[in-house]
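Input: a single structure, listed below in structure tokens.
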Amino acid sequence: MDVAVGYDDGGLATAVLTDADDGHDGYQALRVRQPADIAAGLGADIRTVRWIWADTAAIYPRLLAAGVRVERCHDLRLCHAILAGHDNRLLDDPRWRRREPEPDHEPTLLDDQPGEDRMALAEVVAEYRRQRRALVAGPTAGDEDRIRCAKLRLLLSAESAGSLVAAEMAFHGLPWDAEVHDRQLTELLGPRPRYGGRPDKLQAVADRLVAALEVGSFNPDSPVELLHALHRAGIDVHSTRKWELQRIDHPAIEPLLEYKKLSRLLAANGWAWLDTWVKDGRFRPDYVVGGVVTGRWATSGGGALQLPKQLRRASRADPGWKLVVADAAQLEPRVLAAMARDDQLATAARGRDLYQGLVDGGVVDTRAHAKVAMLGALYGATTGQGGQLMPRLVSAYPRATGLVEDAARSGERGEIVSTFLGRRSPLPPDSWRELQHFAGSGDASADDVRRARQQARDWGRFTRNFVVQGTAAEWALCWMAGLRQRLLVLGSSTPDDVDHGAIDCGRAHLVYFLHDEVIVHAPAALAESAAAAIVESATAAGQLLFGDCGVEFALDVDIVDSYGEVS
DNA sequence: GATTATAGCGCG
DNA sequence: AAAGCGCGCTATAATC
């Protein structure tokens, strides 16, 4: 049953949409005052309801705060962004663009939030009808169009499920032990300075650096001053990047690299970060579903997707609980094998280590070469080791490499490419198109032509990677959506034991996501079955997307007390 | 003083 | 080994 949620002049309202609905305006609106009423007032089995609403990120945190869990939804704003490229009728409607992040606001249901756009119930219903029309192949459509629509429907439900997962993860939070974090900072940097300034140990490293360069004092935090100091000391570098410095043999390099590492830790994840982002033993990042063009998630604030490995030991399970940490092994090459139906690459992916599979298949001689070659194919390496190994990959896996090559060529022509489920790449900017056009005219200089070709290749590398990164993101969404459902019933002997409409903090739940990695916080007794659910969900995600493609989606799964225990 | 841009580094 | 994708964040530097 589809139930639309929006606002009317009396406040929050719902409308039941009938299956037979074919565009008539008749629907029954139901005024609600309390969150529980939304579910209870309908008198339907909560498990069968799919909530149609403007924006999960705006409404679901308030429901969760009130203890209400939602089984399924359709996030109109996220879905609009995906569909806008497929159906002109949905293009450029400002009402459905992505919302700007709201300033901090304690969520309470039904309160008046200044600046929040409250989508009218009638408009929610109207937009849903528009989207549904875009998802149905016409009566004269061929198989290709029917498949396209079916994939889009899967993509939209996966994206919407992702929005639920993101809100629930923010609700639960990643367990985070501020004391462990503080100890780690103190050990590396020295005690927290009371009135700002550099911690002792960091200052000592800075002093060592200045002394070793022997060119007088300067501020090592300033790239300009640092570069000048390096030059004065006779060190010939044209930037202060780590990898360039690593090649220099000079007594100042060791303290310099140490200083960069420590000052980075202080600035990005020091005590200020701890104060801002960790409350009540939980780190609660703001996930932005579909925040990256490829469909990957982003975060706003907290840098959840860049948690330094150094600090992961601070993430500790509650007493009596475990962290179940799982990451998909070589996800992108496996996704490529599946979407390209490359049986050879699928065979190499059969074991737990795809890169070793390349070695065993005689394609390359070492695992390191396999990795650099595969990444080169996904990213479009032309020179260096990755570029050199490309021909071997192309002859061993013509279908897989052909798929990314085609995507690159399309991008170079300025065309749109699509992920497996149909998320479309953006068009290159107007300036790009103008330069290509100009380079093709008679007036272009050799330099213009060279720049145009360079830019074309740059865009081709982007579209090449887009199709794989984006499809991997789709797999990850399906993985989490399946896992979320499996975790709900974990440890329940009977289905009636599970309250699908209530958020239950005593159950195993997702607490972290990082592109191809998840963490589940689970009662210790359920950790093993949570791990099994993660593995099952990975297989199911592959099946859901690609059918019987022969590609295994291998995982590394660890049951630990601390995230830092995972290599 | 408030803004935008850039360098650099963290993550996948 | 240091080339080749996607990001967010924080500092300093540049600009208004």
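Just so it is clear: chains get the letters A, B, ... in the order the sequence lines come, proteins before strands, and each one is counted from 1. Bear in mind the structure is a predicted one, so any value in this text is a computation, not a measurement.
- Atom CD in A/Glu225 sits about 6 Å away from atom P in C/dA13, given to the nearest Å.
- With salt bridges taken as basic N to acidic carboxylate O contacts below 4.0 Å, none links A/Asp430 and A/Arg433.
- Within the structure, every side-chain polar atom (N or O) of A/Ser222 is placed at least 4.0 Å from both OP1 and OP2 of C/dT12.
- Residues A/Gly384 and A/Gln469 each lie close to DNA chain C; by heavy-atom proximity, the contact nearer the 5' end of the strand is made by A/Gly384.
- A/Glu517 has its CD atom 22 Å from the P atom of C/dG6, to the nearest Å.
- When distances are taken from the side chain of A/Thr294 to each of B/dG8, C/dC5, C/dG6, the shortest belongs to C/dG6.
- In this structure, the nucleotide among B/dG12, C/dG4, C/dC7 sitting nearest to the side chain of A/Val372 is C/dG4.
- Using a 4.0 Å heavy-atom criterion, one finds that A/Gly387 contacts no nucleic acid atom at all.
- Ring-centre distance between A/Trp273 and A/Phe283: below the 6.0 Å cut-off.
- The CZ atom of A/Arg334 sits 17 Å away from the P atom of B/dG12 (whole-angstrom rounding).
- For A/Arg464 and C/dG4, a side-chain-to-base donor-acceptor distance below 3.5 Å is absent, hydrogens and geometry of angles not being considered.
- Heavy-atom nearest nucleotides on DNA chain C were determined for A/Ala368 and for A/Gly376, and the one closer to the 5' end corresponds to A/Ala368.
- Going from atom CG of A/Leu514 over to atom P of B/dG12 covers 6 Å, rounded to whole Å.
- Nucleic acid contact class of A/Arg241 (heavy atoms, under 4.0 Å, all strands): sugar-phosphate only.
- Atom P of nucleotide B/dG12 and atom CD of A/Gln306 are separated by 10 Å, given to the nearest angstrom.
- If you take CD of A/Gln246 and P of B/dG8, they are 14 Å apart, rounded to a whole angstrom.
- As rounded to whole Å, 20 Å separates atom P of C/dC7 from atom CG of A/Leu307.
- The listed nucleotides are C/dG4, C/dT12, C/dA3; the one nearest the side chain of A/Pro223 is C/dT12.
- The residues A/Arg296 and A/Glu332 are annotated as salt-bridged, a charged nitrogen and a carboxylate oxygen being separated by less than 4.0 angstrom.
- Between the side chains of A/Glu517 and A/Tyr512, no donor-acceptor pair of N or O atoms lies under 3.5 Å.
- Of all the residues in residues 255-276 of chain A, A/Lys260, A/Arg264 reach under 4.0 Å from DNA chain B with at least one non-hydrogen atom.
- Distance from the side chain of A/Phe462 is smallest to C/dC5 among C/dG4, C/dC5, B/dG12.
- The pair A/Asp556-A/Arg352 meets the salt-bridge criterion, with a side-chain N (NZ, NE, NH1 or NH2) lying under 4.0 Å from an Asp/Glu carboxylate O.
- Within the 4.0 Å cut-off from OP1 or OP2 of B/dG8, at least one side-chain nitrogen or oxygen of A/Thr240 is found.
- No contact: A/Glu244 has no heavy atom under 4.0 Å from any strand.
- Within a 6.0 Å sphere centred on NE2 of A/His228, other residues, nucleotides and ligands contribute 12 heavy atoms or fewer.
- For A/Ala381, the listed nucleotide lying nearest its side chain is C/dG4; candidates were C/dG6, C/dG4, C/dG8.
- Closest to the A/Tyr379 side chain, of the nucleotides C/dG4, C/dG6, C/dA2, is C/dG4.
- A/Leu545 and A/Phe420 make their closest contact through O-CE2, 3.0 Å (heavy atoms, listed as atom of the first residue, atom of the second, distance).
- Distances from the side chain of A/Ala298 to the nucleotides C/dA3, C/dG8, B/dC11 place C/dG8 closest.
- When heavy atoms are screened at a 4.0 angstrom cut-off, A/Arg457 is found touching no nucleic acid atom at all.
- Among the atoms of the strands shown, none is found under 4.0 Å from any heavy atom of A/Val468.
- Heavy atoms of A/Gly380 sit under 4.0 angstrom from primed sugar atoms or phosphate atoms, though from no base atom.
- A/Lys261 has no carboxylate O lying under 4.0 Å from a charged side-chain N of A/Glu258, or vice versa, which leaves the two without a salt bridge.
- Between A/Asp221 and A/Arg198 a salt bridge is recorded (basic side-chain N to carboxylate O distance below 4.0 Å).
- As a whole-Å value, the separation of A/Leu305 CG from B/dC9 C1' is 15 Å.
- Pairing partner, C/dA3: none, since no Watson-Crick or wobble contact has both distances short of 3.5 Å.
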